[in-house]
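Could you have a look at this structure, given as structure tokens, before my questions?
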Number of protein chains: 2
Amino acid sequence: MSPSTPLSVQKDSIGVLIGLVRSELVRKMEAELQASGVELRFTQFLILKRLALVGPMSASELARSVELDGGAMTRQLDQLEGKGLLRRHPHEQDRRALRIELTPAGDAMWRQMTPCNDRVLEAAQKALDPTEREQLRDYLERVLHALRDKN
Amino acid sequence: MSPSTPLSVQKDSIGVLIGLVRSELVRKMEAELQASGVELRFTQFLILKRLALVGPMSASELARSVELDGGAMTRQLDQLEGKGLLRRHPHEQDRRALRIELTPAGDAMWRQMTPCNDRVLEAAQKALDPTEREQLRDYLERVLHALRDKN
DNA sequence: GAAATATATTTGTCAAGGCAAATATGTTCT
DNA sequence: AGAACATATTTGCCTTGACAAATATATTTC
């Protein structure tokens, strides 16, 4: 009965597309982590990754760098500290702040996770050649800057 | 003391980049909606958009098309039906299912929102020329397919 | 230097979404 | 047809994250 030309042929906007890509990335990353025996959610993975790559920083710097609310960060830190993956030290210059630091166990965990991360990123980009990967990154950066430019 | 070449010069992975772009898009879209006097969250906007563009469909089709859990969809439909923007009709062929349909008010709401949507997408892409926009979409679609391809 | 203001962390509260169980129908297999 | 299985919707439960208030400390202003 229905004609073979549904209205739904209309393409997704890049807004929708980006949402879909992101949720697939998160899903795949969490699956990889679980398959590697790592009991971490995506957000926790991001936090450890940040600490591993950038080094110790305060909780609010960390929160900003992974776009997480400060309150939510406190609770994530509770969990990760509970697992022994990081520690809260007093900040040297600022007595309000903390210095969040990976423990050796946290560092080991990061080394265990990094292949997962690489596999997912590689899988995502497997249909793109190096030039195209470069361009995709460039376009995304330009979109991000355009969105952050007020007005 | 610290050298002016911090480790953090390292670029974000495209994974991180996509997450950032998405959250900016959502933020901006919700701001636009609110500025236009539309009391809807991003998810609700997506649901109405889908119904407006594709036409009536069952709750589970709708859930799949916006990547939302079935249970969450039920509750969103409760809210949107409560606001008079859509209605649940019995499905013609399948007595388990519903046929979700925009009301005239829902359709009017969509027409009120569509300029917001256009403004945000335009703002996001304002630094890209038409060819680049085309390419960005193409790359994202290829990434999405690559991620969905099992293995 | 005291007051006003800004920032860091924590905690409470709430809304949203994922998952699992319950129920009602469909579909497939034999 | 009957059994086994798959799908649609709803509901309960739990986790996560946003927002706001509270507290402590820094920074700026006068």
Is the shortest side-chain heavy-atom distance between A/Leu40 and A/Leu85 below 4.5 Å?
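A side-chain contact exists here, since the closest heavy-atom pair is under 4.5 Å.
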
Tell me which pairs pass side-chain hydrogen bond (donor to acceptor under 3.5 Å, both in side chains) where either residue lies in residues 36-46 of chain A, with sequence neighbours left out.
A/Glu30-A/Arg41, A/Gln44-A/Gln76, A/Gln44-A/Gln79

With a 4.0 Å cut-off on N to O distance, would you call A/Arg137 and A/Glu134 a salt bridge?
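Looking at A/Arg137 and A/Glu134, the cut-off is not met.
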
Which parts of residues 38-47 of chain A get close to DNA chain C, meaning a heavy atom less than 4.0 angstrom away?
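Going residue by residue through residues 38-47 of chain A, none turns out to have a heavy atom under 4.0 Å of DNA chain C.
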
Going by side chain to side chain contact (heavy atoms under 4.5 Å, CB included), name the residues that satisfy it together with B/Glu101, two or more places apart in sequence or in a different chain.
B/Pro56, B/His89, B/Arg99

Test log, rule side-chain contact (heavy atoms from CB on, under 4.5 Å), inputs B/Leu25 and B/Met29
CA-CA 6 Å; B/Leu25 279 173; B/Met29 191 63 217; over 6 Å; no

Start with the C-alpha distance between A/Arg50 and A/Met57, add both sets of side-chain angles, then the distance that settles side-chain contact (heavy atoms from CB on, under 4.5 Å), and finish with yes or no.
CA-CA 10 Å; A/Arg50 204 73 186 178; A/Met57 67 185 83; 4.1 Å; yes

Is a salt bridge present between A/Arg119 and A/Glu122, judged by a nitrogen-to-oxygen distance below 4.0 Å?
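Salt bridge between A/Arg119 and A/Glu122, a charged N being under 4.0 Å from a carboxylate O: no.
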
Could you check which residues of residues 82-101 of chain B get a heavy atom under 4.0 Å from DNA chain C? Sort them by number, please.
B/Asp94, B/Arg95, B/Arg96

For residues 38-80 of chain B, which residue pairs pass the ring-ring contact (aromatic ring centres under 6.0 Å, His included) check, not counting sequence neighbours?
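As it turns out, the ring-ring contact (aromatic ring centres under 6.0 Å, His included) pairs with a partner in residues 38-80 of chain B, which skip direct neighbours, are B/Phe42-B/Phe45.
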
Any residue in residues 60-76 of chain A with a heavy atom nearer than 4.0 angstrom to DNA chain C? Just list them by number, or reply none.
A/Ser60, A/Arg64, A/Gly70, A/Gly71, A/Thr74, A/Arg75

Can you give the first and last nucleotides of DNA chain C, 5' to 3', that have an atom under 4.0 Å from a heavy atom of chain B?
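Nucleotide range with atoms under 4.0 Å of chain B: C/dA16 to C/dG26.
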
Give the dot-bracket line for DNA chain C from 5' end to 3' end: parentheses for intra-strand Watson-Crick or G-U pairs under 3.5 Å, square brackets for crossings, | for inter-strand pairing, dots for unpaired.
||||||||||||||||||||||||||||||

Look only at the side chain of A/Glu132 and the backbone of A/Asp129, and say whether a donor-acceptor pair between them is shorter than 3.5 Å.
yes

Apply side chain to side chain contact (heavy atoms under 4.5 Å, CB included) to A/Ala97 and list each qualifying residue two or more places apart in sequence or on a separate chain.
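Applying side chain to side chain contact (heavy atoms under 4.5 Å, CB included) to A/Ala97 gives A/Ser58, A/His91, A/Asp94.
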
Please examine the side chains of A/Leu62 and A/Leu77, heavy atoms only from C-beta on, and report whether any two atoms are closer than 4.5 Å.
yes

Using heavy atoms and a sub-4.0 Å distance, could you list which residues of residues 29-37 of chain A are near DNA chain C? By number, please.
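None, since no heavy atom is under 4.0 Å.
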
Atom-to-atom span, CE of B/Met57 to P of D/dT7 - whole angstrom:
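Rounded to whole Å, this separation is 19 Å.
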
If you define the side chain from C-beta out and look only at heavy atoms, does anything of B/Val143 sit under 4.5 Å from A/Leu136?
yes

Find out whether A/Ser60 and A/Met73 are in side-chain contact, i.e. whether some heavy atom of one side chain is under 4.5 Å from a heavy atom of the other.
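No, their side chains stay 4.5 Å or more apart.
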
Other residues, nucleotides, ligands: >12 heavy atoms within 6.0 Å of B/Arg133 CZ
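Yes, because the 6.0 Å sphere around CZ of B/Arg133 holds more than 12 heavy atoms from other groups.
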
Salt-bridge present (B/Arg148, B/Glu67; N to O < 4.0 Å):
yes

Which salt bridge (Lys or Arg N to Asp or Glu O under 4.0 Å) pairs, counting each pair once, include a residue from residues 73-83 of chain A, with sequence neighbours left out?
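Counting only pairs at least two positions apart or across chains, the salt bridge (Lys or Arg N to Asp or Glu O under 4.0 Å) contacts touching residues 73-83 of chain A are A/Asp78-A/Arg88, A/Glu81-A/Arg88.
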
Using the side-chain hydrogen bond (donor to acceptor under 3.5 Å, both in side chains) rule, collect all pairs that involve residues 108-118 of chain A, keeping only residues at least two apart or in two chains.
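Every side-chain hydrogen bond (donor to acceptor under 3.5 Å, both in side chains) pair that includes a residue of residues 108-118 of chain A, provided the two are not neighbours, is A/Asp107-A/Arg111.
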
